[in-house]
Amino acid sequence: MLHFTGMEIHQRENEGIVILDLNGKLVMGKGETALSDFVGKLFNAGNRQLILNLAAISEIDTSGMGTLLILAQEYLNVGGKVVLYNIAHSHGKIYEMARLESAIEIYRDELDAVNSFFPDRKTPHYDILEYVEEQKDLNDQK
């Protein structure tokens, strides 16, 4: 585990794929720099398959969103892949507005995220618009 100002990053593996469990704020000058530096070291060491668990991200801004997009593009440019899972309910609208799902694969849980790296395994894609609408319906019922 590494702890940076505003962000903790826990690294582990599942079926040979690096998973980073992020905890904290993915915002300009704090978490986004920490994440970028951490992933940059993995990338330079040859990592080409990365999963980011966003369940414990308490806040995200446009800088954090941009960092996710840049990292995904860097991996894609060399034939690799970055996927996300466990998007916090409170951030669903932000992801929808940024159209993040059009640039990065998003999954509901770790199993689907891991399976996405294996072409012979079926994985349902996470529909961010469907998710946001579900949340709106739940809020309307309250």
Please tell me if the side chains of [X] and [Y] come closer than 4.5 Å, counting only heavy atoms from C-beta onward.
| X | Y | value |
| --- | --- | --- |
| Glu15 | Phe118 | yes |
| Leu42 | Leu20 | yes |
| Leu52 | Ile104 | no |
| Leu54 | Ile60 | no |
| Met7 | Ile57 | yes |

For [X], which residues count as a side chain to side chain donor-acceptor pair (under 3.5 Å) partner, sequence neighbours excluded?
| X | answer |
| --- | --- |
| Tyr75 | Asn47 |
| Asp21 | Arg12, Asn53 |
| Asn14 | Glu110 |

Would you compute the distance between atom CZ of Phe38 and atom CD of Gln11 and round it to the nearest 0.5 angstrom?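 That separation rounds to 4.5 Å.
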
I'd like to check the side-chain contact (heavy atoms from CB on, under 4.5 Å) partners of Leu76; sequence neighbours left out, ordered by chain and number.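 If we apply the side-chain contact (heavy atoms from CB on, under 4.5 Å) test to Leu76, skipping adjacent residues, the hits are Gln73.
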
Got a sec, which residues hit side-chain contact (heavy atoms from CB on, under 4.5 Å) with Glu13, two or more places apart in sequence or on another chain?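 So Glu13 forms a side-chain contact (heavy atoms from CB on, under 4.5 Å) with Val18.
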
Is Arg48 positioned over the aromatic face of Phe43, cation under 6.0 angstrom from the ring centre and no more than 45 degrees off axis?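 Yes, Arg48 and Phe43 form such a contact.
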
Can you pull out every salt bridge (Lys or Arg N to Asp or Glu O under 4.0 Å) where at least one residue sits in residues 72-87? Sequence neighbours excluded, please.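 Sorted pair list: Lys81-Glu105.
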
Walk me through whether Tyr85 and Asp112 qualify under side chain to side chain contact (heavy atoms under 4.5 Å, CB included). CA-CA 9 Å; Tyr85 81 97; Asp112 289 339; over 6 Å; no

